[in-house]
Amino acid sequence: MLAVVLLLAVTAVGLVVVRPGPVDGWLGGSAAAPEWTAPVEPSPSPVLGEPVSAAPSPTPDGVRAVLDPLVRAAALGERVHVSVVDVSSGTSLYDNGGDAPTVPASVTKLVTGVTALAARGPGHRIPTRVVAGQNPGEVVIVGGGDPTLAIDGTGFYPGAARLDKLAEQVKQALGGTAPTAVVVDSTLFPGPVYGPGWDADIPTGGFGGAVTALMTDGARRDPKAGPKYAERFPDPDLAAGRAFARLLGPSGAAAKVTKGKAPETPAGSPAAGTAPAPGTELGRVESPPLVRLVDIMISSSDNIIAEALARQVALARNQPASYTGAAAAMDEVVAELGLPADELTLSDGSGLSRRNRISPSLLTDLLVLAGNGSRSELAGVFSGLPVGGWSGTLADRYAPAAGTTAGAGVVRAKTGTLTGVHAISGLVTTADGRLLAFAVLTDKVPGGSETAQPALDRIGAALAGCGCR
């Protein structure tokens, strides 16, 4: 239903941005998110106004007159690459190094979200399964790559699949016989669990963590921890396996949790009254729809969800679900969408890697494609975008003290920050009601966020506050 709402919201002249029911709960609304088995979604409520269909477009000269002084701000450093495009016409309105590959930081998640929606579709759900093990009394929990899986109803992510529900299915399938051993199969994600090009403090710094095919609550030790900083399990697959064993009982099963590989699915059906053959599925739960995972990833800049979604792109394109395979698959999908894949070099899906390079023009091309109605399934990337002065990573920006209030409520964008790197890319509605896509990427910033972010925000606020004609 959310995908249908997004399709209706996107037209050739712009889009109505809504706050979907599940995202409403995630961003602090009072409505509880439904279980994944419940198909009914609450109706969305408007957040941003609809662009004026007949609004005059800014002119390149008008935009240049407004932006040139802001782009040259010392706080942004010597490499400030900018692209501004009219969403309706696709006309480039401003280009300052727009084709230059630049370190994007978390703006990478726009590429991850779009490629995941294109490769898997908005309604795809990620399964977590349990099958009968090779040995008597043994069950195997098979990770499918769902980063939002919860242990029970107190999980971190709204509407997540739950291990306690999975345990109930398994106990019923086994006729009440408690397993004596649990095997964890997380082999779907091969290779290193930490990304190439990550800063040394990321694995333990609370903003990233080990990426495995089985985990609970984004690998958080405490599901009540914050949306970004949180202590993570170094081995989230084994931690999830132990939690599952405790739910199965008896307590002895928790001491017999090991890593392994699930047996092949048997052919035919077992005879009545016999124990399930090795590989027989005993239970399954599924993640929320992929479009909802994209919402959460973008609104909260969730790095673990981003890496899990990148691996879904790899699986959809028959690549290994590793950092290398995901990067190759996302590059492939970008090319399939007719975008300039030669302006893209990826090492991860979250943007934590300093090896990533994306051009601003690729980002604006991507936003135009998602917003002009030609690929309706890609519109899901917009509903999670933070709104200036209101939500997500933009909640505290576009404030009066910075002189950027013109962007409050009308800039909707993904931000990116690493030491020396500051970026923003998204949509802005001009004073005349024209919808523009923009991207500003800087990767040699001399100072910190306190000076760089207001300088970035002045660019978005200037576009919002002018007709630029």
Side-chain angles (χ1 to χ4, degrees), residues 75-81 100-113 147 189-212 215 217-222 225-236 296-311 322-328 330-331 344-360 363 386 392-393 414-425 439-453 455-456:
L76 295 178
E78 62 188 62
R79 277 173 51 89
V80 186
H81 299 148
T102 313
V103 180
S106 280
V107 169
T108 302
K109 294 181 176 73
L110 291 174
V111 177
T112 303
F189 289 2
V193 296
Y194 300 116
W198 285 11
D199 290 349
D201 63 343
I202 288 176
T204 57
F207 289 87
V211 179
T212 55
M215 64 173 64
D217 300 309
R220 289 170 174 80
R221 288 184 179 273
D222 179 5
K228 291 184 182 179
Y229 178 80
E231 186 180 0
R232 318 276 174 159
F233 287 110
D235 51 357
I296 298 171
M297 172 190 69
I298 291 179
S299 65
S300 297
S301 201
D302 192 305
N303 296 309
I304 300 297
I305 290 184
E307 300 301 346
L309 289 176
R311 282 160 172 75
S322 61
Y323 286 100
T324 301
M330 286 193 287
D331 188 85
L344 173 71
T345 302
L346 293 179
S347 290
D348 70 8
S350 63
L352 290 173
S353 178
R354 291 183 179 271
R355 300 181 188 177
N356 289 353
R357 297 292 186 275
I358 304 176
S359 73
L363 291 168
T393 54
K414 181 72 194 76
T415 59
T417 306
L418 294 169
T419 302
V421 177
H422 291 270
I424 187 167
S425 181
V440 186
L441 276 62
T442 65
D443 58 12
K444 286 193 176 181
V445 176
S449 298
E450 67 280 358
T451 55
Q453 287 182 354
L456 279 182

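When only modelled atom types and interatomic distance are considered, T393 and K414 share no side-chain donor-acceptor pair under 3.5 Å. Neither side chain, D302 nor S300, offers a donor N or O lying under 3.5 Å from an acceptor on the other.
Put simply, the side chain of E307 never gets that close to the backbone of D348: no donor and acceptor are under 3.5 Å apart. Under a 3.5 Å cut-off, the side chain of Y323 and the backbone N or O of V193 do form a donor-acceptor pair. Not one N or O on the side chain of S106 forms a donor-acceptor pair closer than 3.5 Å with the backbone of G351. Judged by distance alone, with hydrogens and angles left aside, the side-chain atoms of T345 form no donor-acceptor pair with the main-chain N or O of R357 at under 3.5 Å. Judged by distance alone, the side chain of T112 and the main-chain N or O of A310 form no donor-acceptor pair under 3.5 Å. A donor-acceptor pair under 3.5 Å is formed between the side chain of N303 and the backbone N or O of F207. Listed for the R232 side chain is a donor-acceptor partner under 3.5 Å among the backbone atoms of G218.
Partners of D443 under the side chain to side chain donor-acceptor pair (under 3.5 Å) rule, at least two apart in sequence or in another chain, are R79. Evaluation of the side chain to side chain donor-acceptor pair (under 3.5 Å) rule for S359 yields E343, S361 as partners, not counting sequence neighbours. Judged as a side chain to side chain donor-acceptor pair (under 3.5 Å), and not counting sequence neighbours, T324 has no contacts.
How far OG1 of T212 is from CZ of R311: 9.5 Å, rounded to the nearest 0.5 Å. Remark: L346 CG to R355 CZ distance equals 13.0 Å, nearest 0.5 Å. In this structure, CG on L441 lies 9.0 Å from NE2 on H81, to the nearest 0.5 angstrom.
At a threshold of 4.5 Å between non-hydrogen side-chain atoms, the residues I202 and Y194 do not count as touching. Under the 4.5 Å side-chain criterion, counting only non-hydrogen atoms from C-beta, S301 is not in contact with T415. With contacts defined as side-chain heavy-atom distances shorter than 4.5 Å, the pair T417/S449 qualifies.
Nearest approach of A105 to G416, heavy atoms of both residues: CB-C, 3.6 Å. For the residue pair T108 and N356, the shortest heavy atom distance occurs at OG1-ND2, 3.6 Å. In this structure, P234 and A210 approach most closely via the heavy-atom pair O-CB, 3.7 Å. Looking at every heavy atom in both residues, I304 comes nearest to G208 through CD1-C, 4.0 Å. When every heavy atom of I305 is checked against every heavy atom of I296, the shortest pair comes out as CD1-CG2, 3.8 Å. A306 approaches G349 most closely through the heavy-atom pair CB-O, 3.6 Å.
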Item to check | From CA spacing to verdict: side-chain contact (heavy atoms from CB on, under 4.5 Å), D199, R354 | outcome: CA-CA 8 Å; D199 290 349; R354 291 183 179 271; 2.9 Å; yes
Item to check | Pair I358-V107, side-chain contact (heavy atoms from CB on, under 4.5 Å): steps then yes or no | outcome: CA-CA 9 Å; I358 304 176; V107 169; 5.7 Å; no
Item to check | Residues L309, K109; criterion side-chain contact (heavy atoms from CB on, under 4.5 Å); working and verdict | outcome: CA-CA 10 Å; L309 289 176; K109 294 181 176 73; over 6 Å; no
Checklist entry - After noting the C-alpha distance and the side-chain angles of V111 and L363, does the key distance pass the side-chain contact (heavy atoms from CB on, under 4.5 Å) rule? => result CA-CA 8 Å; V111 177; L363 291 168; 4.2 Å; yes
